[in-house]
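Each chain gets a letter, A, B and so on, in the order its sequence line appears, and its residues count up from 1.
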Protein chains: 2
Amino acid sequence: MATLAPATPKGDAVASDRILRAATGLFCERGYHGTSVRTLARVLRLETASLYYHFPSKQEILFAILDRTLDDLLDGLRRAVAAADGAEQRLRAAVRYHVLFHAHRRQEAFVSHSELRSLTPGHLRRVVAKRDQYEDVFRGLLTAGVRGGVFQVPDVKLTAAAILSMCTGVALWFSEGGRLAPEAIAGRYVEIIVRSVDRRGKGPRS
Amino acid sequence: MATLAPATPKGDAVASDRILRAATGLFCERGYHGTSVRTLARVLRLETASLYYHFPSKQEILFAILDRTLDDLLDGLRRAVAAADGAEQRLRAAVRYHVLFHAHRRQEAFVSHSELRSLTPGHLRRVVAKRDQYEDVFRGLLTAGVRGGVFQVPDVKLTAAAILSMCTGVALWFSEGGRLAPEAIAGRYVEIIVRSVDRRGKGPRS
DNA sequence: GTCTATAACTAGATAGAC
DNA sequence: GTCTATCTAGTTATAGAC
């Protein structure tokens, strides 16, 4: 589960990684348009001109954050799913991974969802393509379970969206020193979701 | 279900309602900090100075949107719950109402979630207090069901957060001309959620 | 209730020294 | 690789005419 660790060690990060980390925190807290290049520079104890040596524009900083985060997210999901057997175990692994990622890398995950609208059209297209691939993995897991007779899901597309909304929400409220550890949250979410798609659950309006 | 209709008829809205409607659309699309007062004025075919006759600041426009939306949301939820009997029916009514609101009043709902961070501290406090009341209703419904022996929910607080994240997500992707009508989506969400909390569902790791 | 004109400030970005 | 200095344009908000 390498993608759950920060992308670079905190001690001796190269300059561009320092910038991305600081930008992630600010974009998470105040939003992309709510964060000025001057503010970002001040946090980094640099002048604004110095930032432009590392990135050609503020927009490229945002894109780098989203692009890297989505790469890590998708890569980790594929590993997690590949390590499990059977439809239910694969769905459990996928949900667990998604929740852990959104807890451990909360700020990056939050920005990746909240700042899609701040991307230029070209950047947006590339990021959305990756997000769609990610969603397709979940749809595939549900479809496999339905075909295998272990899940009962009337609308795979809608259910995948519902599951992902629920799990992504963790990035909105998770706090490191909070009541529940990431693993505990992930465990509960897995149970909630598996119950809701399980063939043995109660039927509609029964 | 009066709160699912627009707050004011579109034809002869008073000026401040016209402003709030236009601002809601822009804040939803580009964010609060991504929308300039000039842009808002242009959309309304006014000069920026004219806006300041109706609202003292851009911040007050944002607050008015969130405050009204949360009032309507909480009011409608209480009505919906009061009209149902029994723990399961009440939860069904609450989830259905929440989803319908987030589909029918998508932009207001979206802004109310995404722009909390753009509120000044005083405004934020007031809005968060209302949001907490809203969440408390859901927690109360789950607790009642657990006490009545119809729900099996190990962690009411976490489950309420999970349910609300899932349903609120509808405001992110719902489209009026889309494949599914609001009622169809609400119906599916109700089933997903009721299954996941029902006592008769499969137990943990069974 | 809407306008023109503008004040006071901040935005993203660049030139060129060191 | 970071700095000082600065450009151009855009920002929220106000004064005062109509």
Whole angstroms only, please: what is the CZ-P distance between B/F55 and C/dT2? 12 Å

Has A/R147 got more than 12 heavy atoms of other residues, nucleotides or ligands less than 6.0 Å from its CZ? no

Spacing of B/R42 atom CZ relative to D/dT12 atom P, expressed in whole Å: 12 Å

Which residues pass the ring pair (Phe, Tyr, Trp, His ring centres under 6.0 Å) test with A/H33, not counting sequence neighbours? none

Gap between atoms CG and P, on B/L40 and D/dA13 respectively (whole Å): 12 Å

Establish, with yes or no, whether the OP1 or OP2 oxygen of D/dG1 is under 4.0 angstrom from a side-chain nitrogen or oxygen of A/Y53. yes

Within 6.0 angstrom of B/R45 CZ, more than 12 heavy atoms from elsewhere: no

Over how many whole Å does the gap from A/I19 atom CD1 to D/dT2 atom C1' extend? 11 Å

Distance, rounded to the nearest Å, where B/L62 contributes CG and D/dT12 contributes P: 13 Å

Could you check whether any side-chain heavy atom of A/E135 comes within less than 4.5 Å of a side-chain heavy atom of A/R139, counting everything from C-beta outward? yes

Integer-rounded Å distance: C/dA15 P and A/L51 CG: 17 Å

What are the atom names and distances for every N/O pair under 3.5 Å that joins the protein to nucleotides 9-13 of chain C?
residue	atom	partner	partner atom	Å
C/dA11	OP1	A/S36	OG	3.2
C/dG12	OP1	A/T35	O	3.4
C/dG12	OP1	A/K58	NZ	2.6
C/dG12	OP2	A/V37	N	2.6
C/dG12	O6	A/R38	NH1	3.3
C/dA13	OP2	A/Y52	OH	2.9
C/dA13	OP2	A/K58	N	3.0

In whole angstroms, the gap separating C1' of C/dT14 from CD of A/E47 amounts to 14 Å

Which residues share a ring pair (Phe, Tyr, Trp, His ring centres under 6.0 Å) with B/Y189, sequence neighbours left out: none

Under 4.0 Å between a side-chain N/O of B/S50 and OP1 or OP2 of C/dC3, yes or no? yes

Separation between CG (B/L116) and NE2 (B/H123), nearest 0.5 Å, reads 13.0 Å

C/dG1 P sits how many Å from B/R18 CZ, rounded? 13 Å

